[in-house]
Structure formats: structure tokens, C-alpha cells
Amino acid sequence: MSTIGLNEGAMLALIHNEVLKILADKGEAWTGSFGPETRFLDGGLPFDSLDLATLLVALEQLTGTDPFRAGFRQFITAGELAALYLEA
């Protein structure tokens with residue numbers, strides 16, 4: 001799968017789905033709202049840096065895209081992460 005053809009809403013849905021899988025694997029039951037402004041760290045999600053790394057690996061496998069190939073790019077919110085994948 002490639003991100004070609006995905007829009008922001010579809011990319012956010014993909015990210016949300018993977019976030020829920022990661023939390024379920026940790027035994028976390030999170031029912032908060034998820035959207036472009038959702039912060040990964042220090043923002044209500046029971047997410048840590050290892051969870052974030054797991055998310056990035058899963059997204060690369062699902063999309064076939066690595067927006068960090070040339071180096072790390074800063075992001076804080078789900079919307080910012082979705083934009084990185086859509087730009088890649």
C-alpha cells in the first residue's frame with residue numbers, strides 16, 4: 001500500500017487505528033477523542049516514546065512510505081504526522 005490516493009482524513013483514520021492497536025497491546029482501554037490536534041506525548045494519550053516508535057514502524061509497513069528517511073522531522077500532533085506521510 002502506498003499513501004498515493006490517501007487524503008488527510010484517511011491517513012488520520014489509519015493512524016488512529018494503529019494507535020488503538022498499540023494501546024490494546026499494552027492493555028490500555030482509551031476512549032478519548034482522536035483528531036488532527038491529538039498530541040502523542042503529554043497530551044492525554046497513554047503513549048510513550050516506545051509506543052510512538054512502534055507507530056512509525058507500523059505506518060511505514062502499511063504505507064510503504066518513510067517520511068523520516070532523510071532524517072527525523074518534528075511533529076507533535078496526529079495531523080502533523082499525517083501531513084508528513086502525505087508529503088512523502
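- Leu55 is listed as a side-chain neighbour of Leu81, based on a closest heavy-atom distance under 4.5 Å.
- Looking at Arg73 and Glu87, their side chains come closer than 4.5 Å, going by heavy atoms from C-beta outward.
- Rounded to the nearest 0.5 angstrom, Asp48 CG and Phe40 CZ are separated by 13.0 Å.
- With respect to the salt-bridge test (charged N to carboxylate O, under 4.0 angstrom), the residues Glu80 and Arg39 do not qualify.
- A 4.5 Å side-chain heavy-atom check between Leu23 and Pro46 finds at least one atom pair inside the cut-off.
- Contact detail for Leu45 and Val19: the closest heavy-atom pair is CD2-CG1, 4.0 Å.
- Put simply, Leu52 and Phe68 are part of the same group of oily side chains (I, L, V, M, F, W, Y) that touch within less than 4.5 Å, one to the next.
- Listed here is the closest heavy atom pair of Ile15 and Ala78: CD1-O, 4.0 Å.
- Gln74 contributes atom CD, which lies 9.5 Å from atom CG of Leu84 (distance to the nearest 0.5 angstrom).
- Taken to the nearest 0.5 Å, the CH2 atom of Trp30 stands 9.5 Å off from the CZ atom of Phe47.
- Among all heavy-atom pairs drawn from Asn7 and Leu86, the shortest one is C-CD1, 3.8 Å.
- Between the CG atom of Asn17 and the NZ atom of Lys21 there is a distance of 5.0 Å, given to the nearest 0.5 Å.
- Taking 4.5 Å as the limit, some side-chain heavy atom of Met11 sits within range of a side-chain heavy atom of Thr63.
- No more than 12 heavy atoms of other residues, nucleotides or ligands shown are found within 6.0 angstrom of CG on Asp42.
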(request) For the pair Leu59 and Glu18, evaluate side-chain contact (heavy atoms from CB on, under 4.5 Å) and give the outcome as yes or no after the intermediate values. (result) CA-CA 8 Å; Leu59 291 174; Glu18 290 308 307; 4.2 Å; yes

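- Under the 4.5 Å side-chain heavy-atom criterion for grouping Ile, Leu, Val, Met, Phe, Trp and Tyr, Leu41 is connected to Leu56 within one hydrophobic cluster.
- Counting heavy atoms from C-beta outward, Leu62 and Tyr85 have side chains that stay 4.5 Å or more apart.
- A heavy-atom distance below 4.5 Å is not found between the side chains of Thr77 and Pro36.
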